[in-house]
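Below, read A as the first sequence line, B as the second, and so on, with proteins coming before strands; counting in each chain starts at 1. What you see below is based on every heavy atom in this structure, not just the backbone, and it leaves out hydrogens, waters and symmetry mates.
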Protein chains: 2
Amino acid sequence: MDDLTEMLKGTLEGCVLEIIGSEETYGYAITRRLNDLGFADVIEGTVYTILLRLERNGLVQVTKRPSEVGPPRKFYALNEAGRDELAKFWAKWQYVSTRIDRLKEGRR
Amino acid sequence: MDDLTEMLKGTLEGCVLEIIGSEETYGYAITRRLNDLGFADVIEGTVYTILLRLERNGLVQVTKRPSEVGPPRKFYALNEAGRDELAKFWAKWQYVSTRIDRLKEGRR
DNA sequence: ACCACTATACGGTATCACCGAGTAGCGGGA
DNA sequence: TCCCGCTACTCGGTGATACCGTATAGTGGT
């Protein structure tokens, strides 16, 4: 699927929140997970900017742990504010996606 | 529903294409249609920037017609390139929305 | 004369995903 | 030993997009 970047604006951050929320994990693994999901063109740099933003906005708790196969990893977990933000994201997604599907179906 | 602007990035233009594609219409009416659809905060200025972009990108055919209740209206209709773009938009939407729903359901 | 509604245009802003380059740890093959 | 590939993160800058504020202007009602 060709260029999805514009359509992912506003949703990719939510996807990252969801991934972190389901399991404490780190940037490189999150990127691989997104790629496996079908967002093949999402690259490390993009995920790291999102993670730094989440940290700056106080939505995550960060723990640095050594790795056996490379440099140390920064593990991310949602805090209370992060869980709230994730819930808001899914509410928005539900709202928007149902309305766009409605437009697609030609209903008003 | 509070601020949806970030989530609408990349999709609002497609919505406008769909509306134009279903019926030759003009900016002000498109804005009202979007508001009725549930995108209450979308404002005229936003729609006009999209319409000017569509015109600049050669996706629409424009016809100016007088109105009985105000200034003249610019009616927009999709041309061949516009219909192609609309089809691409719905393909992308299908691709992205199914994958995000899949993530939401916890399936991989 | 004023105001509300209709209708469009345009310069500037914020946010976001993305790009490119850099730094760094680890292991395997020539 | 030296290079390469994979892992892992950072940061400055870019382009696209929706939005904001303001301006302009036609029509009809009070």
Review point. Hey, is B:R102 close enough to B:E105 for a salt bridge, meaning N to O under 4.0 Å?
Key: no

**Study point:** B:E23 bridged to B:R33 by N-O distance under 4.0 Å
**Key:** no

Point to revise | Touch class at under 4.0 angstrom, heavy-atom based, for B:E44 against every strand present | key: base

Review point. Quick one: which of C:dA7, C:dC18, D:dA8 gets closest to the side chain of A:L8?
Key: C:dC18

Practice item. Evaluate whether atom CG of B:N57 has more than 12 neighbouring non-hydrogen atoms of other residues, nucleotides or ligands under 6.0 angstrom away. Key: yes

**Study point:** Identified side-chain contact (heavy atoms from CB on, under 4.5 Å) partner of A:I19 from the options A:L34, A:V47, A:T31
**Key:** A:L34

Practice item. Let me know the distance between CG of B:L52 and C1' of D:dA18, rounded to the nearest Å. Key: 14 Å

Practice item. With heavy atoms under 4.0 Å as the rule, sort A:T49 into base, sugar-phosphate or nothing. Key: base

Review point. Of A:A29 and A:E6, whose nearest nucleotide on DNA chain D comes first from the 5' end?
Key: A:A29

Study note, to complete from the structure: Of the candidates D:dC9, C:dT6, D:dT7, the side chain of A:Y26 sits closest to D:dC9

Exercise for review: Give a yes or no on whether a salt bridge exists between B:E44 and B:R32, defined as a side-chain N under 4.0 angstrom from a carboxylate O.
Suggested key: yes

Practice item. Would you indicate which nucleotide in D:dC11, D:dC19, C:dT6 comes nearest to any side-chain atom of B:T46? Key: D:dC19

Practice item. Just call it for B:L51: base, sugar-phosphate, or nothing, with non-hydrogen atoms closer than 4.0 Å on any strand. Key: nothing

Check your understanding: Taking atom P of C:dG20 as reference, at what distance in whole Å does atom CG of A:D41 sit?
Key -> 13 Å

Review point. Separation of B:M7 atom CE from C:dC16 atom C1', in whole Å?
Key: 13 Å

Check your understanding: What's the closest nucleotide to the B:Y48 side chain, out of C:dG25, C:dA7, C:dA17?
Key -> C:dA7

Review point. Starting at the 5' end of DNA chain C, which residue's closest nucleotide do you reach first, A:P72 or A:L4?
Key: A:L4

Check your understanding: Is B:T5 touching bases, backbone alone, or none of the nucleic acid, heavy atoms closer than 4.0 Å?
Key -> sugar-phosphate

Revision key, fill the gap. Of D:dC19, C:dT15, C:dT6, the nucleotide closest to the side chain of B:L12 is D:dC19

Point to revise | Whole-Å gap separating P (D:dA8) and CD1 (A:I50) | key: 18 Å

Exercise for review: Please state whether the phosphate of C:dT6, meaning OP1 or OP2, lies under 4.0 angstrom from any side-chain nitrogen or oxygen of B:S67.
Suggested key: no

Review point. What is the distance from CG of A:N35 to P of D:dA8, rounded to the nearest Å?
Key: 14 Å

Check your understanding: In whole Å, what is the span from the CG atom of A:D3 to the C1' atom of D:dT17?
Key -> 13 Å

Point to revise | Distance-only donor-acceptor test, A:K9 side-chain atoms vs D:dA16 base atoms, 3.5 Å | key: yes

Review point. Looking only at side-chain N and O atoms, does B:R53 come under 4.0 Å of OP1 or OP2 in D:dA18?
Key: yes

Check your understanding: Given atom CD1 of B:I43 and atom P of C:dT13, what is their separation to the nearest angstrom?
Key -> 19 Å

Exercise for review: Return the value, rounded to whole Å, for the distance between atom CZ of B:R32 and atom C1' of C:dT6.
Suggested key: 9 Å

**Study point:** A:R73 side chain, from C-beta outward: closest of D:dT7, D:dT10, C:dT8
**Key:** D:dT7

Point to revise | Shortest side-chain distance from B:Y28, nucleotide among C:dT15, C:dT8, D:dA18 | key: C:dT8

**Study point:** Phosphate contact (C:dA7 OP1 or OP2) by B:K64 side-chain N/O below 4.0 Å
**Key:** no

Point to revise | B:E18 CD: over 12 foreign heavy atoms closer than 6.0 Å | key: yes

